[in-house]
Amino acid sequence: MRWLPRLLSHAAAAGRASTAARSTTSHVSGGSHGFASGGWEGSPAVPREWLRKLWREELRKLKEAARSYESVEAAGAATEAPSWSYQYDGRDLDPVEAKLAPLLARANLVIARDIEWANIMFAFEQESRYIIMDPLFPQSPVGFIREKSNVIFRQLLRTRRPFVAEITDAMGNEIFKVRRPFWLINSSIYAEVDGKLFGFGQEIGVVHRRWHLWRRIYDLYLGNRQFAVVENPGFWNWTFSLVDEDDKLLAQIDRNWRGIGFELFTDAGQYAIRFGDEGLRHKFALAADVEELHVTRQLTLPERAVALALAISLDSDYFSRRGGWGLPFLIATE
């Protein structure tokens with residue numbers, strides 16, 4: 001960029017010299033057009049094509065510099081902004097907790113299931129896909145859930161099929177996974193950490209469904225220790241409260257209504273997992289409209305992983321249905 005002022009000064013001098021030459025003589029050469037011929041007789045000519053290339057190169061450098069600046073700003077925002085919603089400061093975390101913290105150290109999570117068009121149109125059961133969002137930053141997902149299962153088992157066993165689902169961050173890096181075996185009467189789902197990190201598969205916890213004619217009852221365990229129970233009255237109650245042995249609230253899972261079209265013709269449910277607002281330093285955006293949840297204590301990160309596994313199990317047990325309606329045009333938005 002230092003040579004640009006020097007070039008412009010030469011250009012100005014050439015223009016002044018050309019004007020003086022025209023005032024003293026009536027002869028004007030046919031190639032005298034500013035930079036095109038140098039402006040006066042005997043001066044070195046500057047080709048127009050060279051100037052065009054110079055200008056294009058300068059514009060390209062300016063655009064690259066602007067893009068680099070924007071990428072640095074975006075990276076800084078992506079690194080710092082989510083930490084405003086964290087309830088753990090990252091100190092004194094064991095390897096399992098350190099791996100879970102980027103996704104689960106948040107006051108609230110929203111899990112939305114994707115629309116499965118093949119299931120709607122032809123009753124062909126697809127692998128379930130979910131998007132995980134933070135209400136503080138709803139414009140971009142913070143994670144994904146991707147089911148992996150056998151295509152034949154999906155068509156024959158439907159909601160009783162065995163599957164493994166990977167829970168990843170927004171970049172696709174696996175954080176932990178859930179495993180749900182085949183079941184007949186009572187379902188179970190296990191939260192596990194990938195063995196690649198620790199040299200062996202490590203189970204975080206498990207959720208067991210307890211049979212009842214109409215109530216929805218689940219027991220949540222870390223190892224052999226039960227830390228919470230869910231006793232939903234059933235029917236049209238879509239709020240699942242996690243309580244401890246003293247019946248004190250620990251967390252809450254709400255199944256949100258997404259519109260008549262979504263509920264009748266799709267499996268695209270949406271779940272809000274609320275871990276309580278204590279320890280949240282900032283509360284803005286959509287989170288400012290979320291009613292505060294006061295809990296008796298904060299769930300640990302492994303316990304939150306089990307709660308997320310419970311949300312997946314709830315979706316499979318009660319809110320998944322056989323498709324084949326063939327009426328996608330009736331799907332209404334929220």
After noting the C-alpha distance and the side-chain angles of S313 and S187, does the key distance pass the side chain to side chain contact (heavy atoms under 4.5 Å, CB included) rule?
CA-CA 8 Å; S313 190; S187 65; 3.9 Å; yes
Go through F275 and L109 one step at a time and tell me if the side chain to side chain contact (heavy atoms under 4.5 Å, CB included) criterion holds.
CA-CA 8 Å; F275 297 118; L109 290 174; 4.1 Å; yes
Passes side chain to side chain contact (heavy atoms under 4.5 Å, CB included), L249 versus L293? Steps please.
CA-CA 9 Å; L249 185 63; L293 182 68; 3.3 Å; yes
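Using a 4.5 Å cut-off between side-chain heavy atoms of Ile, Leu, Val, Met, Phe, Trp and Tyr, with links allowed through other members, Y318 and I189 fall into the same hydrophobic cluster. Under a hydrophobic clustering in which Ile, Leu, Val, Met, Phe, Trp and Tyr are joined whenever their side-chain heavy atoms come within less than 4.5 Å, directly or via other members, Y218 and W183 fall into different clusters.
A salt bridge links E303 with R225: the distance from a Lys NZ or Arg NE/NH1/NH2 to an Asp or Glu carboxylate oxygen falls below 4.0 Å. Taking the charged nitrogens against the carboxylate oxygens, E125 and R161 do have a contact shorter than 4.0 Å, which makes a salt bridge.
A donor-acceptor contact closer than 3.5 angstrom links the side chains of S149 and R154.
By the 6.0 Å contact criterion, CG on D246 is enclosed, its count of non-hydrogen atoms from other residues, nucleotides or ligands being greater than 12.
Ring pair W238/W236 is tilted by interplanar angle, where 30° to 60° counts as tilted.
Among residues two or more places apart in sequence or in another chain, the ring pair (Phe, Tyr, Trp, His ring centres under 6.0 Å) test is passed with Y221 by H208.
Put simply, the side chain of L222 reaches to within 4.5 Å of the side chain of T300, judged on heavy atoms.
Partner of D317 under the salt bridge (Lys or Arg N to Asp or Glu O under 4.0 Å) criterion, chosen from R216, R180, R255: R180.
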